[in-house]
Each structure stands twice: as structure tokens, then as C-alpha cells.
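In what follows, a single structure is set out as C-alpha cells and then discussed.
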Amino acid sequence: PQKPNPEYKGSWAPALIDNPNYSGVWSPKKIPNPEFYEDKTPFASLMPIAAVGIEMWTMTKDIMFDNVILTDSKAVADEWAGESWNKKALIEKLASPGDSQWTSS
């Protein structure tokens with residue numbers, strides 16, 4: 001426990017003096033760049049993506065990847081899952097009920 005100290009004025013801080021050379025907050029000097037080029041539509045010239053490479057390193061032996069989908073649409077992903085992944089997961093569950101990681105709820 002601390003003793004009450006009526007003369008306590010807060011944490012100590014060193015006294016500050018004015019700097020006569022202070023000229024405000026520093027910011028970098030801005031100079032024109034004649035070589036600057038900004039592409040307003042950077043994705044307009046891209047070719048369609050035909051393949052994706054995934055490199056994975058693991059020390060776990062039972063990791064498998066199958067049927068990878070990349071999309072920006074939840075509806076497309078849900079439809080794809082219904083047509084492929086859900087069926088495959090059910091088949092795997094029924095094939096090996098003792099070893100399956102899927103549990104019935």
C-alpha cells in the first residue's frame with residue numbers, strides 16, 4: 001500500500017524548452033515525376049485465369065485436397081458443393097463409419 005502524499009502532482013516529466021529551429025511536422029518533399037504512369041483499369045488487360053497452382057508443405061500424413069473451386073459467388077459455391085462435395089462426403093462417411101471424421105448429428 002502507498003502512503004497518501006498531498007504534494008503528489010502526477011508522473012514526473014522533464015521540463016521542455018522551445019526549439020527555435022522547429023518548422024512543423026516533417027513531411028517528404030514532393031517533386032513532379034514525369035515518368036509516373038497510373039493504369040486506371042489494371043484488370044482490363046488481364047487474360048482469363050485458366051489454372052491455379054497450390055504448393056503445400058506439411059508434416060501431417062493424412063491431408064488431402066480434391067475439387068478446388070475459386071469463385072466470388074456464394075450461390076455458385078453452394079451449388080458446386082451440393083453437386084460434388086456433399087455427395088462425396090456422404091459416400092466416405094458410409095464407406096468407413098469407424099474411421100470417418102464426420103459425426104452424425
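All residue numbers refer to positions in the sequence shown, counting from 1. Predicted model, so just to flag it, every value in this text is computed and none were measured.
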Taking side chain to side chain donor-acceptor pair (under 3.5 Å) as the test, write out the residues that go with Asn86, two or more places apart. none

Do Val52 and Val68 have side chains that get closer than 4.5 Å, going by heavy atoms? no

Student check: side-chain heavy atoms of Ile91 and Leu94 closer than 4.5 Å: no

What's the spacing between Thr71 OG1 and Trp80 CH2 if we round to 0.5 Å? 11.0 Å

Are there more than 12 heavy atoms of other residues, nucleotides or ligands under 6.0 Å from atom CE of Met56? yes

CG (Leu46) with more than 12 external heavy atoms under 6.0 Å: yes

Tell me every residue that passes salt bridge (charged side-chain N to carboxylate O under 4.0 Å, His left out) with Lys74, counting only those two or more places apart in sequence or in another chain. Asp78

Please determine whether residues Leu16 and Trp12 belong to a single hydrophobic cluster, defined as Ile, Leu, Val, Met, Phe, Trp and Tyr linked transitively by side-chain heavy-atom distances below 4.5 Å. no

Using residues 24-40 as the side-chain source, report each donor-acceptor pair under 3.5 Å to any protein atom, sequence neighbours left out, with the distance given to one decimal.
residue	atom	partner	partner atom	Å
Asn33	OD1	Glu35	N	3.0
Glu38	OE1	Lys40	NZ	3.4
Asp39	OD1	Thr41	N	3.2

Any donor and acceptor pair, going by atom type alone, linking the side chain of Asn5 with main-chain N or O of Glu7 inside 3.5 Å? yes

